[in-house]
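Lettering follows sequence order; numbering is per chain, from 1.
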Amino acid sequence: MKMTHFDTVIHAPNRLQICAFLAPLEEAEFKVLRQELDVSDSVLSKHIRQLEEAGYVKQRKSTVDGRQRTWASLTRVGRKAFEQHVEELKRLVLFQTSEP
Amino acid sequence: MPEMTEQDAADDAREALASIQAMEKTALCRAIPSRWFGASIAVLAGALVTLSAADRREYHVYVILLMSAVMVYRSRKTGVSVRQFPTRVAGIAFIVLAPLFFGLIVASQKFSEAIGTVGAPLAAGIVLASAVYLLSMFERRWHITRIGSGKGE
């Protein structure tokens, strides 16, 4: 049986989207995440920092042609927390639809 | 603040699941390997066999460096790097490519008298490059199917 857990850190809309985007990937560039989420640098940084503080996301910096690029990825703990959160969401939907 | 009803919680969960699915699809769309990427890796893999069969292993390092450069270029261009390699594809790739790689080197050396010392390694390289290209197209199709079916988890 799959473990479920409603995670308030992940559930905030922007953080949920960050986790969902990173889930099928090894890592994604900060710029790409900002484009896809359509948020400002500061908003994205704030959410990434919150996920990082929870141990769900890690960042890596690299320099390309003298310009610094930041890459974000889900940690193993983050991946597991996200999977459990998705399972909990599915359980909530199923529970409601199976109610008479 | 009014308490959230079960209906509200379920609606919120449904909305969150839809948002998750959309983002996962977007990520997968960005991660689809392009045709040029498959072709480049195929040509370089073919070059590895050709060089091995022609007993020019000292050039392997350049081909491997070029392969790494292609991969780095791809991840820089797309801004993402793929995590979920389909296990089945990876398994097939290993089962097919590893024996094929060594088999082609042996075959090339055996047939070098008949086809020539240039023709045999080249033919071996072309065979492996074709196999790698086919596998890369298979992987591309797998990604597209996955996006189409909405299976982004």
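- No single ILVMFWY cluster, assembled from side-chain heavy atoms under 4.5 Å apart, contains both B:Ile64 and B:Val72.
- If you measure heavy-atom distances from B:Thr78 to chain A, the contacts under 4.5 Å come from the backbone alone.
- With values rounded to the nearest 0.5 angstrom, B:Ser19 atom OG is found 5.0 Å from A:Leu16 atom CG.
- The hydrophobic cluster containing B:Val70 also contains B:Leu97, counting ILVMFWY residues as joined when their side-chain heavy atoms lie under 4.5 angstrom apart, directly or transitively.
- When side chains are defined from C-beta on, B:Arg14 does not count as touching A:Leu89, because their heavy atoms never get closer than 4.5 Å.
- Here the side chains of A:Glu27 and B:Val80 are not in contact, with every heavy-atom distance at 4.5 Å or above.
- Closest heavy-atom contact between B:Gly79 and A:Trp71: O-CZ3, 3.5 Å.
- The heavy-atom pair separating A:Ala23 from B:Glu24 by the smallest distance is CB-OE2, 3.7 Å.
- Interface remark: B:Arg76 contributes backbone and side-chain atoms alike to the contact with chain A (heavy atom separation under 4.5 Å).
- Hydrophobic clustering (ILVMFWY, side-chain heavy atoms < 4.5 Å, transitive): B:Leu44 and B:Leu134 are in distinct clusters.
- Interface summary for chain B: among A:Arg69, A:Gln17, A:Glu29, A:Arg91, the most heavy-atom pairs under 4.5 angstrom belong to A:Gln17.
- If you measure heavy-atom distances from A:Phe82 to chain B, the contacts under 4.5 Å come from the side chain alone.
- For chain B, the nearby part of A:Gln35 is the side chain; its heavy atoms alone come within less than 4.5 Å.
- Linking ILVMFWY residues whenever their side-chain heavy atoms come closer than 4.5 Å, directly or via other members, leaves B:Ile95 and B:Val132 in distinct clusters.
- In terms of heavy atoms, A:Val93 sits closest to B:Ala10 at CG2-O, 3.9 Å.
- Around CZ of B:Phe111, the count of heavy atoms belonging to other residues, nucleotides or ligands within 6.0 Å does not exceed 12.
- Within 6.0 Å of CZ in A:Arg60 there are more than 12 heavy atoms belonging to other residues, nucleotides or ligands.
- Taken to the nearest 0.5 Å, the CZ atom of A:Phe21 stands 9.5 Å off from the CG atom of B:Leu28.
- Within a 6.0 Å radius of CG in A:Asp41, more than 12 heavy atoms belonging to other residues, nucleotides or ligands are found.
- Annotation for A:Arg76: atom CZ does not count as buried by contact number, only 12 or fewer foreign heavy atoms lying within 6.0 Å.
- Heavy atoms of A:His11 lying under 4.5 Å from chain B belong exclusively to its side chain.
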Exercise for the section: Evaluate the side-chain contact (heavy atoms from CB on, under 4.5 Å) criterion for residues A:Leu37 and B:Met23: first the C-alpha distance (whole Å), next the side-chain angles of each, then the deciding distance (0.1 Å), finally the verdict. Expected result: CA-CA 9 Å; A:Leu37 267 75; B:Met23 278 315 268; 3.4 Å; yes
